[in-house]
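Read the structure below first, then the notes.
All values below come from the heavy atoms of this structure, side chains included, with hydrogens, waters and symmetry mates left out.
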Amino acid sequence: MAKARIAIIGAGMMGHGIAQVFALAGHDVTITDAFKAALDVCKDKIVTNLRDLGEDVTAVERVRPVADLAACVREADYVVEAAPEDLALKQKLFGEIEGYVRPDTILSSNTSVIPITAIMQGLKKRDRALGTHWWNPPFLVPLVEVIGTQWSSPAAIDWTIKLHADAGKTPVHVKKDVPGFVGNRLQHALWREAVSLVERGICDAETVDTVIRASFGRRLAVLGPLDNSDLVGTDLTLAIHKTVLPDIEARPGPSPLLEKMIAEGKLGMKSGEGFKKWTPEKQAELRTRVLEHLRKAREAEK
Ligand SMILES: NC(=O)c1ccc[n+]([C@@H]2O[C@H](COP(=O)([O-])OP(=O)(O)OC[C@H]3O[C@@H](n4cnc5c(N)ncnc54)[C@H](O)[C@@H]3O)[C@@H](O)[C@H]2O)c1
């Protein structure tokens, strides 16, 4: 794909990593943030990541932090927003951005779960608007879900898929704009049952995670659930569903256990306790373990 001008809104956890991927793919990147401190450290964070990964550190020279939103997006072929997960903020940002960009500039949100339709509905030209949902860390997890709304043009979707594929990502096309898209729907279906198992006293939190990590979690990266269904037979899948589904958690709202934990200040790592207790050392050990695992998986794919 020809070199494109990419503008990124939000230089936080996702924004700086997305900038890194596009810069490494040879594109010119501008990036902005409402907070100067985030913008000031953005290039340093990219350099550290590139160095740790053994990638070309000079790629960072293609990233230009810009304090002003208009200056960040004015020349862009493609704008991706990675600001906080707040619908009103995202709507406001795209309303402003639309006033600065060309009519054919593609506009995308990296929202985790908010329907793209809700974010983009106020735009004058909605055929160039879509969603691109990356996963953290963006430079190690391959998937990008490309979400179209009822207004998105096939040309905008195709161009965006090619942009991400050429940058080494694994883009998939999500054809209907549903909350959570595909990945987070699947992930949270699992989390709902995981929380419920603890809430019902069937096992403790450590056991839930051990069961997953030591069983189907091991296979998931190479054997998706529908591969697995075909492997064991759709007839066995149906038989299992008949027995298990009536007992699986199906309530539409969040778990009362989760709400109770939050009321008690058990917010997870940031408060030192969630489902488990977290010392700073345990937190650091987990983060290192996850990064090492993702790095090795990436190396194995090269
Ligand atoms: N963290 C993840 O695992 C993950 C994964 C996929 C998608 N997302 C989504 O990506 C988006 C960003 O998440 P994150 O984890 O990078 O958050 P973050 O808090 O690390 O970064 C958000 C950045 O946006 C900046 N910001 C705030 N208001 C702004 C404004 N008006 N204009 C420009 N910048 C502004 C903040 O200063 C911050 O640097 C969210 O919608 C989130 O749901 C996050």
Checklist entry - Just by modelled atom types, is the Glu249 backbone N or O under 3.5 Å from a matching donor or acceptor in the Glu193 side chain? => result yes
Checklist entry - According to the interplanar angle, ranging from 0 to 90°, do the rings of Tyr78 and Trp159 count as parallel (below 30°), tilted (30 to 60°) or perpendicular (above 60°)? => result tilted
Checklist entry - How far apart are the C-alpha atoms of Arg128 and Asp104, what are their side-chain angles, what is the distance that settles it, and do they pass the salt bridge (charged side-chain N to carboxylate O under 4.0 Å, His left out) test? => result CA-CA 7 Å; Arg128 42 70 174 274; Asp104 63 337; over 6 Å; no
Item to check | Ile119 and Leu87: CA distance, side-chain angles, deciding distance, side chain to side chain contact (heavy atoms under 4.5 Å, CB included) verdict | outcome: CA-CA 6 Å; Ile119 297 172; Leu87 174 60; 3.8 Å; yes
Item to check | Within-4.5 Å side-chain heavy-atom neighbours: Thr207 and Leu197 | outcome: no
Checklist entry - Does some side-chain heavy atom of Val29 sit less than 4.5 Å from a side-chain heavy atom of Arg62? => result no
Next on the checklist: Do Phe139 and Arg298 make a side-chain contact, defined as non-hydrogen atoms from C-beta onward lying under 4.5 Å apart?
Outcome noted: no
Checklist entry - Among the clusters formed by ILVMFWY side chains lying less than 4.5 Å apart, do Leu186 and Ile114 turn up in the same one? => result yes
Item to check | Backbone of Ile161 reached by a side-chain donor or acceptor of His164 within 3.5 Å | outcome: no
Item to check | Ion pair check, Lys92 and Glu96, cut-off under 4.0 Å | outcome: yes
Checklist entry - Can you get from Val178 to Val146 by hopping between Ile, Leu, Val, Met, Phe, Trp and Tyr side chains that sit under 4.5 Å apart? => result no
Checklist entry - Same cluster or not: are Leu130 and Trp151 linked, directly or through other Ile, Leu, Val, Met, Phe, Trp or Tyr residues, by side-chain heavy atoms under 4.5 angstrom apart? => result no
Next on the checklist: According to side-chain hydrogen bond (donor to acceptor under 3.5 Å, both in side chains), who are the partners of Ser229, at least two apart in sequence or on a separate chain?
Outcome noted: Thr237
Checklist entry - Can you check whether Gly122's main-chain N or O pairs, donor with acceptor, with Gln91's side chain at less than 3.5 Å? => result no
Item to check | Heavy-atom side-chain contact between Asn136 and Pro138 under 4.5 Å | outcome: yes
Checklist entry - Around Lys125, counting heavy atoms of other residues, nucleotides and ligands shown, do more than 12 lie under 6.0 Å from its NZ? => result yes
Checklist outcome for this item: Under a side-chain separation threshold of 4.5 Å, the hydrophobic residues clustered together with Val66 are none
Next on the checklist: With a 4.5 Å cut-off on side-chain heavy atoms, are Ser255 and Lys260 touching?
Outcome noted: no
Next on the checklist: With a 4.5 Å cut-off on side-chain heavy-atom distances among I, L, V, M, F, W and Y, is there a chain of contacts connecting Ile18 to Val47?
Outcome noted: yes
Item to check | Worked check of salt bridge (charged side-chain N to carboxylate O under 4.0 Å, His left out) between Lys90 and Glu81 | outcome: CA-CA 8 Å; Lys90 290 181 189 294; Glu81 167 273 317; 2.4 Å; yes
Checklist entry - Which is it for Glu75 and Thr30 under the side chain to side chain contact (heavy atoms under 4.5 Å, CB included) test, yes or no, and what are the steps along the way? => result CA-CA 9 Å; Glu75 305 286 317; Thr30 51; over 6 Å; no
Item to check | Side-chain heavy-atom pair Thr105, Ile97 within 4.5 angstrom cut-off | outcome: no
Checklist entry - Is there a donor-acceptor contact under 3.5 Å from the side chain of Glu145 to the main chain of Val174? => result no
Checklist entry - Are more than 12 heavy atoms from other residues, nucleotides or ligands located less than 6.0 Å from atom NZ of Lys175? => result no
Item to check | Intermediate values then yes/no, side chain to side chain contact (heavy atoms under 4.5 Å, CB included), Val198 and Asp204 | outcome: CA-CA 5 Å; Val198 176; Asp204 61 17; 5.9 Å; no
Checklist entry - Are there more than 12 heavy atoms of other residues, nucleotides or ligands under 6.0 Å from atom NZ of Lys282? => result yes
Next on the checklist: So if I apply the side chain to side chain donor-acceptor pair (under 3.5 Å) rule between Arg289 and each of Glu285, His293, Glu292, which one comes out positive?
Outcome noted: Glu285
Checklist entry - If only atom types and distance count, is the side chain of Ser271 paired as donor or acceptor with the main-chain N or O of Leu267 below 3.5 Å? => result yes
Next on the checklist: Strictly distance-based, threshold 3.5 Å: is any side-chain N or O of Glu98 a donor or acceptor partner for the main-chain N or O of Leu123?
Outcome noted: no
Next on the checklist: When you measure from the side chain of Asn49 to the backbone of Gly17, do you find a donor-acceptor pair of N or O atoms at a distance under 3.5 Å?
Outcome noted: no
Checklist outcome for this item: The residue among Val80, Asp33, Ile31, Val73 that forms side chain to side chain contact (heavy atoms under 4.5 Å, CB included) with Ile9 is Val73
Checklist entry - Does the side chain of Val195 reach to within under 4.5 Å of the side chain of Met261, using non-hydrogen atoms? => result no
Item to check | His133 and Phe181 aromatic ring geometry - parallel, tilted or perpendicular at 30°/60° bounds | outcome: tilted
Item to check | Ile116 backbone acceptor or donor facing Asp177 side chain under 3.5 Å | outcome: yes
Checklist entry - Which atom pair, heavy atoms only, marks the closest approach of Ala59 to Ala23? => result O-CB, 3.5 Å
Checklist entry - Stepwise, does the side chain to side chain contact (heavy atoms under 4.5 Å, CB included) test hold for Val63 with Phe22? => result CA-CA 9 Å; Val63 178; Phe22 283 131; over 6 Å; no
Checklist entry - Given side chains that start at C-beta, do those of Thr160 and Ser108 come closer than 4.5 Å, heavy atoms only? => result no
Sequence neighbours excluded and cut-off under 3.5 Å, please list the side-chain donor-acceptor pairs for residues 210-227, or say none.
residue	atom	partner	partner atom	Å
Thr210	OG1	Glu206	O	2.9
Ser215	OG	Val211	O	2.4
Asp227	OD2	Gly224	N	3.3

Checklist entry - Is Ile157 reachable from Leu143 through a run of hydrophobic residues whose side-chain heavy atoms are each under 4.5 Å from the next? => result yes
Item to check | Full working for side chain to side chain donor-acceptor pair (under 3.5 Å) between Asp77 and His27 | outcome: CA-CA 11 Å; Asp77 302 306; His27 301 296; over 6 Å; no
Checklist outcome for this item: Heavy-atom nearest pair, Thr243 first then Pro246, reads O-CD, 3.6 Å
Item to check | Over 12 non-hydrogen atoms of neighbours within 6.0 angstrom of CZ in Arg5 | outcome: yes
